[in-house]
There are 2 protein chains.
Amino acid sequence: MAGSLAPGQRISERGLAAALDISAQPVREALRRLEVEGMVETRPRSGTYVADLGRDRLFEIGLIRATLEAVAARLAAERATPADHAAMRSRLDAIAGAMRSEDAAAVTLANEALHDAIHAAAASRDVTRLLEGLRAYDHLTRERILSTAEERATAQAEHQAIVQAIIAGDARAAEAAMKAHALRSLSVALP
Amino acid sequence: MAGSLAPGQRISERGLAAALDISAQPVREALRRLEVEGMVETRPRSGTYVADLGRDRLFEIGLIRATLEAVAARLAAERATPADHAAMRSRLDAIAGAMRSEDAAAVTLANEALHDAIHAAAASRDVTRLLEGLRAYDHLTRERILSTAEERATAQAEHQAIVQAIIAGDARAAEAAMKAHALRSLSVALP
DNA sequence: TGGTTGAAACTACCATGGCAGATGGCAGGG
DNA sequence: CCCTGCCATCTGCCATGGTAGTTTCAACCA
């Protein structure tokens with residue numbers, strides 16, 4: 001994710017283990033996990049290679065992420081407790097505050113916090129698990145997003161609509177609002 | 001998946017390795033993969049336990065699966081080649097044939113074949129990868145589905161609508177049709 | 001000079017052994 | 001009878017060593 005390894009580059013279990021000064025076994029397990037997440041590919045008896053994350057692939061992953069976030073919003077609308085409602089409202093205010101302070105990093109952080117609150121309200125191990133597996137990819141696209149004031153205002157309006165639908169218990173509206181928000185963000189990040 | 005292990009039951013790496021007459025290491029890796037897929041849970045230094053697949057959890061997974069299948073249909077509509085079109089049409093006919101022969105197992109098989117063709121047309125490694133990780137769960141719900149003649153007719157009509165939208169290149173319609181189909185199937189399987 | 005081949009080097013993969021920590025049962029005290 | 005602390009046992013976890021298969025590259029031939 002740091003970009004220090006070029007796409008297609010070969011990663012050696014033993015070599016990486018030597019660099020980290022540990023055994024090859026835990027390195028191997030870590031590479032297997034990355035393989036399940038799609039970050040690397042392993043050709044048997046040949047090597048483990050860094051996956052190529054081109055624009056098309058990132059877009060697909062963004063598409064997947066959008067629909068999964070929508071499912072999370074739907075479940076949150078069906079299950080959220082008053083405590084969840086309070087948490088989401090609080091995170092929403094935090095985003096607004098971060099926007100006023102013009103701190104880009106804080107906005108991104110507050111943004112993720114809101115999404116985490118929604119995931120928590122959805123209370124679905126599987127949705128959370130899958131989204132967690134996709135989270136690493138976001139950092140590759142989340143950069144240019146929210147760069148303009150207009151964009152930030154639009155995003156915040158969408159956030160409010162999502163939270164409102166969840167609190168109202170309108171599952172269909174929450175799902176649609178989240179999907180629209182995620183897809184629009186995606187089209188901004190990967191034009 | 002065969003049901004021979006009760007939910008919550010502990011699985012021992014060494015014990016399973018001894019039963020399979022192999023080393024504990026590949027067993028460990030297999031359990032790690034199952035953990036990523038959500039089939040088992042591991043408490044550090046304690047043990048690996050069979051996950052509890054209650055009705056709610058299966059329903060959630062069905063929800064996720066429905067949206068992912070919808071993404072696949074959308075991508076297929078955007079990317080399918082004439083060869084993909086022919087393959088889908090062929091699989092559609094195969095389902096109809098299996099239905100006429102009243103062979104339940106053949107219908108299920110032909111059903112999966114059509115979905116595979118759509119996945120192939122979508123040509124997305126990530127969508128295929130995630131759906132593959134969820135496939136195991138289907139066999140737990142795919143049983144009572146398609147049991148009545150009315151149900152089979154409805155499903156086949158939906159299949160035709162999906163394929164038609166994909167061939168027409170209408171991404172939005174394909175996505176909506178697939179989602180409706182998957183959600184309705186889910187509501188039948190888990191009433 | 002272009003193509004073939006063969007062997008050395010490297011790869012993922014697995015078996016074995018040993019370690020810190022968690023578990024469960026059992027004796028002893030309340 | 002219930003609770004508590006202890007110890008044998010079992011657990012996941014990692015280090016080490018060895019094997020079959022792949023890649024690489026250079027020597028050799030046409």
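Lettering follows sequence order; numbering is per chain, from 1.
A salt bridge between B:Glu37 and B:Arg135 is absent, with no side-chain N of the basic residue lying under 4.0 Å from a carboxylate O of the acidic one. Using a 4.0 Å cut-off between charged nitrogen and carboxylate oxygen, A:Arg33 and B:Glu35 do not count as a salt-bridge pair. The pair B:Arg57-B:Asp52 fails the salt-bridge criterion, with no side-chain N (NZ, NE, NH1 or NH2) lying under 4.0 Å from an Asp/Glu carboxylate O. Salt-bridge check for B:Glu69 with B:Arg65: passed, with a basic side-chain N closer than 4.0 Å to an acidic carboxylate O. Electrostatic pairing of B:Glu78 and B:Arg74 counts as a salt bridge here, judged by a charged N lying under 4.0 Å from a carboxylate O.
Mapping B:Tyr49 and B:Pro26 onto DNA chain C by nearest heavy atom places B:Pro26 at the nucleotide closer to the 5' end.
Per the geometry, CZ belonging to A:Arg14 stands 13 Å off C1' belonging to C:dA9, to the nearest Å. Regarding A:Ile11, its CD1 atom lies at a distance of 14 Å from the C1' atom of C:dT11, rounded to whole Å. Counting to the nearest Å, the P atom of C:dT23 and the CZ atom of B:Arg43 are 6 Å from each other. Atom CD of B:Glu13 and atom P of C:dT16 are 16 Å apart (whole Å).
Checking C:dA12, C:dT16, C:dG18 against the side-chain heavy atoms of A:Thr42 singles out C:dA12 as nearest.
Classified by interplanar angle (parallel below 30°, tilted 30° to 60°, perpendicular above 60°), the ring pair A:His115/A:His119 is perpendicular.
Summarising the local packing, CD of A:Glu158 is surrounded by more than 12 heavy atoms from other residues, nucleotides or ligands at distances under 6.0 Å.
For C:dA22, its base never sits under 3.5 Å from the side chain of B:Arg45 at any donor and acceptor pair.
Annotation: side chain to side chain contact (heavy atoms under 4.5 Å, CB included) contacts of B:Arg55 (sequence neighbours excluded): B:Phe59, B:Leu190.
Cluster membership for B:Leu183 and A:Ile64, using ILVMFWY side-chain heavy atoms within less than 4.5 angstrom, is shared.
Not one side-chain nitrogen or oxygen of A:Ser46 sits closer than 4.0 Å to the OP1 or OP2 atom of C:dA12.
The stretch residues 27-40 of chain B touches DNA chain D through B:Arg28, B:Arg32, each having a heavy atom under 4.0 angstrom from the strand.
The span of DNA chain D lying next to chain A, judged by atoms under 4.0 Å from heavy atoms, is bounded 5' to 3' by D:dA15 to D:dT23.
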